[in-house]
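Beneath this line is the structure, given in C-alpha cells, with notes to follow.
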Amino acid sequence: MPIVNSDVAGVFEEIADLLEVQGANSFRVRAYRNAAHMLGELGTNIKSMIDRGADLDALPGIGPDLAGKISEVVRTGHCALLDELRTQLPPAVTELLKIPGIGAKRARALHQALGIGTLQDLHRAAEQGRLRTVQGIGPKIQQSILEATAIRLKAPRRYKLSLATQVGEALCLELSRVPGVLEVQVAGSLRRQRDTVGDLDMVAAVERDSPVMDRFVSAADGRHVLSKGRTRASVVLASGLQVDLRAVPRESFGAAWLYFTGSKAHNIALRQRAREAGLKLNEYGVFRGERRIAGDTEASVYLALGLPFIEPELREQLGEIDAALSHSLPALVQRSDLRGDLHAHTRESDGRESLEAMAAAARARGLEYLAVTDHSPRLALAHGLDAGRLAQQIDRIDALNARLDGIVLLKGIEVDILEDGRLDLPDAVLRRLDLVVGAIHHRFDLSRDKQTDRLLHAMDHPCFSILAHPTARLIDERPGCDFDLPRVIRKARERGCFLELNAHPARLDLNDIACRMAKDEGVLVSIASDAHSSVEFDNLRFGIGQARRGWLEPGDVLNTRSLGALRSLLSGTMDKPPPAQRVGAAVNVRTTAESVDPGTPSR
DNA sequence: GCCGTTTTCGGCCCGACTGTTTTCAGTCG
C-alpha cells in the first residue's frame, strides 16, 4: 500500500501523544505535532518528493531528525521511536487524550494509579466510581468522562475526508499503472463527499487476467488483508481505514461505479424505478430480460431509467430523483466558480506566512480577492490583534494593495464573539474594515438558549458580516455547539449578513444540511479556507464538496461574486455606504447581488 | 526537535476557565 502523507502524520501524532503522556519536553512534542500538521496540509505527496530526491529539510518545521523519520516511515512503514514508545506505554493511551477533560497529565495519572490503558478501562473505572481516587478528579470530571467514553465506545470510527482523499488519490494513481486496468475511481461516501468516511470504496474497470487484485493487496501488510478474490478485495491500512476494491469488466463500469457510490437509499430508489419500467438494475448494468441495455457509463444507466445524470454529492435520496424528473436539478457550484476566499490568517496571529506570501499563493490559485482575517485579542494563544495592531495591519494592507497585481486583499478580522455576544474589538476599528468575520472560540458548552442569544446578539452588531464555522465543531474531537440554527439563519437573512462554510477538513462547518437550509432561506454562504498557510487554500475543495451536498449553486455562494458585487453585499453589513452606490439593507441578498452585478455566475 | 543567527544555544504561543481544592493544577483553544 503506498504511504501517504497522512500515514506519516499519524505516526508523528502518536509519537507526540505518547511523549506528552510521558511528560517529555513540550517543545519537542510540539515539533512532532507541527510536523504532523504540516504533512496533513501539504499538497505534494511526500513519497514522490523522496522518490525524486527532494530535500525534506526544506519543509517548514522539518529538520534533519524529522526528515530522517519521514524517510524511515515511507521506506519501512515503521518508526523505531514509535515502536519503542509503544513498549513503554499502552498504545491505546492516546485514545484517552481524545476524551474532553483528559490531557497528558491525567492520562499519565490514570495509567499509573489505576492501570488504565484503553477507553474500555476508563469507561469501566468511571462506572465503578474509581476515577475519584485519582488526585484532581472529582465527581464532575468523572461524570463527564463516563458520558464521553460511552459515546465514543458506541460510535464506529470514521475518517476525515482529507485522509481518505489522500489514500484514494494515491491508490488510483498506483492501480491505474497496473497492466489491464482501464480505469480506476473512488466511489462510496468519499465520492459523495460526506464530511467523514467509514471506509474507502474503489472500482476498477479491468481486462481479463489483470493482476490488479494481487497488486492491490501485495503492498499491504499480509495480516491486514481481510479478503481477496478475483473481483473483490479488502485491506485495512495502518491508519485503520479499510479499503475495498471491486474489479469489473469495461462494459459494467458505469453500473458498478454507480452501485458502489451509493447511497444505499439512492440505489434502492433507482432499482425500484427500474423495476417499474420492467427493467432490472444491478452492479453489472441495466437489463431488459437477459439483455444488457446500459451500464458502461453512469450516464447510460440514468438515461435508461429516464433520468438525467445526477451528481454524486446529491445521491442521498433527499429529493434528487424528483428534481431530476422535473428537470430542476441544481447546477452545483464548482471550485472554479470561486473568485475569492474570505477567511485566512497571516503571521500576525497564528498563521505561518506573511501577507505577501498569502496574497501570492491565493493569486496562484486563481483567486481575485483574499480577505485577511487574523484573530482578535481574546485568542491570546494565537497572538490575536488588538485595536492598535489591527490598525497597523489595515495600513499595511492598503499599502500592499497599491503594489499588488492580479489580486486584492480585503481588510478583515476573525473577531471573537464573547460569551455575552459582544465582539472582541472596539467599533471604531471594526468600522475601518471591509468585513468582520465573527466566530466562537470558547464557551462551547452554553445552553441552547444562551448560545443562540449570544450568536443573535453578535449578528446584530452593525459591522457583523459573516458567521465563521458556526457550530465550532471539530470532527473527531469536539461536537458542535448547541443553538437554534433556523433562528440564526433567519437572523442572517434579516440582517443581510452571511454564514460561512469553513472548508477545513476538520471543520466542514456549516455542514451539508445547514447549507441547504441557508439556501432555502436565501442566505448566501461563504466557502472559506480558514488558511493558516498557503497550502491550505487547497482545502477549498472540501468546502466545495459540502456545498454541493447542500445543493448550492454558484448564485448561492457569496465568494463567487465579482469583487464589486461582493463589496456591495458586504457594505450592507458594514454600516456604511459602498464605494459606488448605496444599496439598501439586503433583505433578499440574492436579488441585490444580481442587480449589482449582471456578470454574477447564475447557472 | 526546529529555528535563527549570536554559527551554538536559547527561545519556542499564553490567558481563561473549570473543578478541585482551600491556593492551584490541568485542560483548552
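Below, chains carry the letters A, B, ... as their sequence lines are ordered, and counting in each starts from 1.
A:His532 and A:His37 have their aromatic ring centers separated by at least 6.0 angstrom.
In this structure, B:dT8 forms no base pair with any nucleotide, since neither Watson-Crick nor G-U wobble geometry is met with both distances under 3.5 Å.
B:dT23 and B:dT18: their C1' atoms are spaced 15 Å apart (whole Å). To the nearest whole angstrom, the two C1' atoms, one in B:dG10 and one in B:dT5, are 11 Å apart. For the P atoms, the distance from B:dT21 to B:dG26 is 12 Å, rounded to whole Å.
At the heavy-atom level, A:Asn25 lies under 4.0 Å from base atoms of the strands shown.
Taking atom CZ of A:Arg352 as the reference point, atom P of B:dC3 lies 13 Å away to the nearest angstrom. Taking atom CZ on A:Arg33 and atom P on B:dG29, their separation rounds to 13 Å, with Å as the unit. Nucleotide B:dC3 holds its P atom 8 Å from the CD1 atom of A:Ile62, rounded to whole Å. Rounded to whole Å, atom C1' of B:dC14 lies 15 Å from atom CG of A:Asp386.
Closest approach to the A:Leu379 side chain among B:dA16, B:dG29, B:dG1 is made by B:dG29 (side chain taken as heavy atoms from C-beta onward). Here the nucleotide nearest the side chain of A:Ala31, chosen from B:dG1, B:dC14, B:dA16, is B:dG1. Of the listed nucleotides (B:dG29, B:dG1, B:dT27), B:dT27 has the atom at the smallest distance from the side chain of A:Lys105. Distance from the side chain of A:Phe444 is smallest for B:dG29 among the nucleotides B:dG29, B:dG26, B:dG1. Which of B:dT20, B:dG26, B:dG1 sits closest to the side chain of A:Arg106 comes down to B:dG26. In this structure, the nucleotide among B:dG26, B:dC2, B:dG29 sitting nearest to the side chain of A:Pro64 is B:dC2.
Under 4.0 angstrom from either OP1 or OP2 of B:dG26 there lies no side-chain N or O belonging to A:Arg108. Between A:Arg443 and B:dT18 there is a side-chain polar atom (N or O) within less than 4.0 angstrom of OP1 or OP2.
There is a side-chain donor-acceptor pair under 3.5 Å between A:Ser376 and A:Asp424.
Shown here is A:Gln128, whose CD atom has more than 12 heavy atoms of other residues, nucleotides or ligands within 6.0 Å. Counted within 6.0 Å of NZ on A:Lys47, heavy atoms from surrounding residues, nucleotides or ligands total 12 or fewer; the atom is thus considered open.
Here the closest heavy-atom approach between residue A:Arg473 and residue A:Arg507 is recorded as NE-O, 2.9 Å.
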